[in-house]
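Working notes, beginning with the structure itself.
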Amino acid sequence: MLKNEAQWISFSGRALAVVAVLAGSLFLHAQTTANDAAGSVASVSAQEPIFHLQDAALSSSDTEAYSSSSDEQVGTEVASNTTDPFHFLNAMQYGGGRQRYGRPRYRGSNTNADGSPKWDFFVGGGFNVPTGQFNYATTKWGFGGGGGRMFNAHVGVNLEFNYDEFGMTSSTLNDQENLYNTYIDLYNAQNPGNTVPTIQNLDGNNHVWSFTLDPVYNLRAGEGLGAYIVGGGGFYHKVADFTVPAIGTYCDPYYGCYQYSANQTIDHYTSNAFGVNVGAGVTYKFSRFANQRLYGEVRYVYMFNSYRPGVTINTPPSADNAGVYNDFPQNSQRTSYFPVKFGLRF
């Protein structure tokens with residue numbers, strides 16, 4: 001009995017020793033594992049995630065699909081994964097890991113280097129105000145148009161055509177009517193068997209048409225309001241006509257003949273001269289995406305006409321003075337006026 005108890009005590013002691021050793025080993029291993037885990041967490045949180053991705057090689061069709069229409073080259077190198085761990089996002093957005101497209105170039109054959117249109121066209125109409133020696137004329141209407149080359153957003157040159165109509169003052173018409181009737185009275189006195197009726201209700205008009213070459217400078221060209229100055233010179237053709245009311249007859253093969261009233265020209269004068277013009281205008285552009293602009297401008301026109309003096313009523317036209325006979329010398333005087341026009345530039 002004693003022997004069995006001594007053996008049991010000895011076996012229990014050895015078993016406890018083994019359990020103690022195992023428990024100590026487990027404790028040390030758990031502490032080491034915890035320390036390693038803490039260090040690993042700290043290490044991972046201090047670093048950025050690394051994605052080991054590789055872009056697939058682009059085929060020739062892919063290259064064409066992602067090629068830019070711009071003349072500028074687009075880079076094709078793929079950024080390193082170690083320097084840009086999120087480069088795959090750019091690859092998804094722009095295709096195949098390429099860099100961004102080059103800036104598109106919108107310049108065409110009709111556009112300058114600064115993006116402004118190469119060509120300028122305009123058309124408009126308005127009224128005219130005579131001044132200076134042209135004071136025998138009255139305000140009427142006019143129109144014009146043209147086009148040309150713009151070298152940049154500010155400087156250009158246009159070829160223009162303008163037609164400006166003027167009336168005549170009542171005093172001028174009265175004086176001219178009295179002059180014509182004086183001639184008629186002299187003729188009737190010399191030819192009693194062939195009487196000519198006197199003139200009544202004389203009317204008249206002036207007009208000027210011109211071809212000019214005009215440089216233009218845009219002080220401000222952009223969206224909304226703009227401004228410009230313009231000037232130039234060229235050929236001016238000036239005309240004065242005097243008319244009287246007349247009754248005409250028109251015959252139609254289906255409806256027969258009928259009468260109508262119209263003005264008949266009884267005297268006509270022309271004067272050709274070199275002239276200059278200078279002016280300024282304002283524009284309004286509808287939007288930054290449109291080239292059309294409303295414009296309004298005023299100019300000063302001066303024509304260097306050659307003066308031809310008239311003759312007195314006591315010196316009627318003949319073979320000797322036919323080349324200098326002038327019943328309306330005002331038409332050959334220097335001419336100046338202000339044309340005011342509104343229209344559209346595009």
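What's counted below: heavy atoms across the whole structure, side chains too, no hydrogens, waters or symmetry copies. Note that the structure is a prediction, hence the values are computed from the model and not measured.
- Inspection of the Thr335 and Lys238 side chains reveals an N or O donor paired with an N or O acceptor under 3.5 Å.
- In this model, no donor atom of one side chain and acceptor atom of the other lie less than 3.5 Å apart for Asp327 and Tyr180.
- Residues Thr283 and Leu294 are not in side-chain contact: their nearest non-hydrogen atoms beyond the backbone lie 4.5 Å or more apart.
- Within the 4.5 Å cutoff, the side chain of Trp119 has heavy atoms near those of the Asn110 side chain.
- When the options Asn135, Val301, Thr139 are evaluated for a side-chain contact (heavy atoms from CB on, under 4.5 Å) with Pro130, the one that passes is Thr139.
- In this structure, Asp252 and Cys257 have side chains that are not in contact, with every pair of non-hydrogen atoms separated by 4.5 Å or more.
- Side chain to side chain, Asp185 and Tyr187 fail the donor-acceptor criterion of an N or O pair below 3.5 Å.
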Mind running ring pair (Phe, Tyr, Trp, His ring centres under 6.0 Å) on Phe242 and Phe328 for me, showing each step along the way?
CA-CA 10 Å; Phe242 292 97; Phe328 192 65; 5.0 Å; yes

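- For the residue pair Arg334 and Asn305, no side-chain donor N or O sits within less than 3.5 Å of a side-chain acceptor on the partner.
- Remark: Arg345 qualifies as a cation-pi partner of Tyr228 under the 6.0 Å distance and 45° angle criteria applied to the six-membered ring.
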Chi angles and distances behind the side chain to side chain contact (heavy atoms under 4.5 Å, CB included) call for Tyr337, Val129
CA-CA 6 Å; Tyr337 60 96; Val129 181; over 6 Å; no

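- Using cut-offs of 30° and 60° for the angle between ring planes, the His237 and Phe235 rings count as parallel.
- At a cut-off of 3.5 Å, with distance as the only test, a side-chain donor of Asp241 or His268 sits close to an acceptor on the other residue.
- Within the 4.5 Å cutoff, the side chain of Asn181 has heavy atoms near those of the Glu177 side chain.
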Start with the C-alpha distance between Phe346 and Phe122, add both sets of side-chain angles, then the distance that settles side chain to side chain contact (heavy atoms under 4.5 Å, CB included), and finish with yes or no.
CA-CA 6 Å; Phe346 52 94; Phe122 63 94; 5.9 Å; no

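- Between Phe143 and Phe127, the gap from one ring centroid to the other reaches at least 6.0 Å.
- Here the OG1 atom belonging to Thr172 is positioned 9.0 Å from the CG atom belonging to Asn174, to the nearest 0.5 angstrom.
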Show, in sequence, the C-alpha distance, side-chain angles and deciding distance for Asn158 and Val216, and conclude whether the side chain to side chain contact (heavy atoms under 4.5 Å, CB included) test is met.
CA-CA 7 Å; Asn158 288 322; Val216 59; 4.1 Å; yes

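- A perpendicular orientation is assigned to the rings of Phe134 and Phe166, their planes being inclined by more than 60° (bins at 30° and 60°).
- Contact of the Met150 side chain with the Asn218 side chain is registered, since non-hydrogen atoms from C-beta on lie closer than 4.5 Å.
- Under the 4.0 Å criterion applied to side-chain N and carboxylate O atoms, Asp120 and Arg293 are assigned as salt-bridge partners.
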Start with the C-alpha distance between Tyr136 and Asn206, add both sets of side-chain angles, then the distance that settles side chain to side chain contact (heavy atoms under 4.5 Å, CB included), and finish with yes or no.
CA-CA 10 Å; Tyr136 60 87; Asn206 303 270; 3.6 Å; yes

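- When only modelled atom types and interatomic distance are considered, Asn162 and Arg299 share no side-chain donor-acceptor pair under 3.5 Å.
- Taking 4.5 Å as the limit, every side-chain heavy atom of Thr111 sits out of range of all side-chain heavy atoms of Lys118.
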Could you please spell out the steps behind the ring pair (Phe, Tyr, Trp, His ring centres under 6.0 Å) verdict for Trp141 and Tyr163?
CA-CA 9 Å; Trp141 51 270; Tyr163 181 95; 5.7 Å; yes

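- Looking at heavy atoms from C-beta onward, Tyr250 lies in side-chain contact with Tyr258 at the 4.5 angstrom threshold.
- Between Val157 and Leu213 the shortest side-chain heavy-atom distance falls below 4.5 Å.
- No donor-acceptor contact under 3.5 angstrom links the side chains of Asn277 and Tyr300, judged on distance only.
- A pairwise comparison of heavy atoms in Ser336 and Tyr302 identifies CB-CD1, 3.8 Å as the closest pair.
- Considering all non-hydrogen atoms of both residues, Ala153 and Ser116 come closest at N-OG, 3.2 Å.
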